[in-house]
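Read the structure below first, then the notes.
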Amino acid sequence: MPLHVSTHPLVAHKLAILRDKRTEPKKFRELVRELTWLLGYEAMADLATRPEPIETPLEPITAARLEPRVGLIPILRAGLGMVDAMLELIPTAEVWHIGLYRDERTLKPVEYYNKLPDAATVQVCLVLDPMLATGGSAAATIDLLKTWGAARIKQVSLIAAPEGVATLKAAHHDVDVHVAALDSHLNERGYIVPGLGDAGDRQFGTFAGPGSEPGHGPDDGTAEVVRRLQRDLEP
Ligand code: PRP
Ligand code: URA
């Protein structure tokens with residue numbers, strides 16, 4: 001499974017501000033959008049084009065037009081902040097939302113919204129989610145898209161943990177993953193370290209107190225889930 005970690009200095013700079021705990025939701029949303037634009041540009045670098053004859057004001061030429069139909073698949077909630085930037089890059093894309101949240105105790109994804117029609121309407125799917133932590137949400141979404149009939153799938157995330165990359169590699173080795181950074185590890189509550197905290201809460205300003213803080217509060221058994229993922233990573 002090809003993992004593409006951006007080396008662009010603008011990506012590194014914007015990510016530094018995004019990670020900073022002092023960055024408030026308005027600025028955070030702007031940065032999610034700008035980073036998505038830069039990562040999206042990289043992620044779509046290998047999309048196929050077809051020749052199309054056109055006439056410029058000076059002469060006829062054979063120009064290149066984008067060939068595949070592209071679908072954007074934001075995982076709710078946090079993936080929503082990545083949609084507008086992608087639509088600026090590719091305004092003809094279809095947007096198919098998938099609603100998943102991570103159960104706080106098991107860290108497993110729970111599906112709550114899926115309106116995919118019976119058969120795939122696009123050839124290339126870009127799954128949008130800022131955080132690839134255990135990889136459970138991404139893997140479940142990609143399962144849905146493969147059953148749907150998507151021919152090609154790419155995952156675009158801002159930050160990945162090694163545990164999440166390993167999950168995707170095991171379940172979906174044919175999916176390209178584009179990220180701004182590959183971080184160190186997951187903490188006992190399944191949050192990416194150093195990460196940026198909770199991407200949904202930081203975008204939408206929904207901070208519910210110490211119990212929901214990414215480094216604190218009871219772990220309710222999540223530590224064992226994380227230890228299992230980390231054992232799988234050992235050589
Ligand atoms: C976050 C994030 C991903 C998921 C990543 O969503 O946006 O969807 O966790 O974790 P995983 O790789 O371990 O599955 P969350 O469940 O917090 O839902 P939200 O976006 O509604 O806040
Ligand atoms: N979801 C987030 O928003 N952040 C993490 O670090 C892990 C999952």
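Counting starts at 1 for both ligands and their atoms, following the listed order. Keep in mind the model is a prediction, meaning the values are calculated, not measured.
With hydrogens and angles left out, the side-chain atoms of Thr121 and Glu94 include a donor and acceptor closer than 3.5 Å. The closest side-chain donor-acceptor pair between Thr92 and Arg69, if any, does not fall under 3.5 angstrom. For the residue pair Glu42 and Ser6, a side-chain donor N or O sits within less than 3.5 Å of a side-chain acceptor on the partner. When only modelled atom types and interatomic distance are considered, His97 and Asn114 share no side-chain donor-acceptor pair under 3.5 Å.
The protein non-hydrogen atom at the shortest distance from atom 3 (O) of ligand 2 is Ala199 N, 2.8 Å. The nearest protein atom to atom 22 (O) of ligand 1, hydrogens excluded, is given as Arg77 NH2, 2.9 Å; this is a heavy-atom distance. In terms of protein heavy atoms, atom 15 (P) of ligand 1 is closest to Arg102 N, 4.2 Å. Nearest to atom 6 (O) of ligand 2 among the protein's heavy atoms is Ile192 N, 2.8 Å. Protein heavy atom at the shortest distance from atom 5 (C) of ligand 2 is Tyr191 CD2, 3.4 Å.
Within the structure, ligand 2 lacks Arg202 among the residues with a heavy atom less than 4.0 angstrom away. Using a 4.0 Å heavy-atom cutoff, Asp129 is listed among the residues neighbouring ligand 1. Put simply, part of Gly135 is less than 4.0 Å from ligand 1, judged by heavy atoms.
Residue Ala138 has no N or O atom closer than 3.5 Å to an N or O atom of ligand 1. Distances between N or O atoms of Ala78 and those of ligand 1 include at least one value under 3.5 Å. Residue Gly197 has at least one nitrogen or oxygen atom sitting less than 3.5 Å from a nitrogen or oxygen atom of ligand 2, judged on distance alone.
Counting only distance, with no hydrogens or angles, the side chain of Glu163 and the backbone of Asp232 share no donor-acceptor pair below 3.5 Å. Using a distance-only test at 3.5 Å, with no hydrogens or angles considered, a donor-acceptor pair links the side chain of Gln203 to the main chain of Ala78.
For atom 1 (C) of ligand 1, the nearest protein heavy atom is 4.0 Å or more away. For atom 13 (O) of ligand 1, the nearest protein heavy atom lies closer than 4.0 Å.
The cationic atom of Arg102 (NZ for Lys, CZ for Arg) lies less than 6.0 Å from the six-membered ring centre of Tyr191 and within 45° of the ring axis.
The side-chain contact (heavy atoms from CB on, under 4.5 Å) test with Pro68 is passed by exactly one of Gln123, Met44, Arg152, Arg50: Gln123. For the side-chain contact (heavy atoms from CB on, under 4.5 Å) test with Gln155, the passing option among Val179, Leu126, Leu168 is Leu168; the others fail.
Of all atoms in ligand 1, listed by their number and element, those nearer than 4.0 Å to a heavy atom of Met131 are 3 (C), 5 (C). Annotation for ligand 2: atoms under 4.0 Å from non-hydrogen atoms of Gly190 are 7 (C). For ligand 1, the atoms closer than 4.0 angstrom to any heavy atom of Tyr101 are 16 (O). Close approach of ligand 2 to Ala133 is summarised as follows: ligand atoms under 4.0 Å from at least one heavy atom of the residue are 7 (C), 8 (C).
When the heavy atoms of Met131, Arg189, Arg77 are ranked by distance to atom 2 (C) of ligand 2, first place goes to Met131.
Crowding of Arg65 atom CZ: a count of heavy atoms from other residues, nucleotides or ligands under 6.0 Å not exceeding 12.
Tyr101 OH to Glu111 CD: the interatomic distance, rounded to the nearest 0.5 Å, is 11.5 Å.
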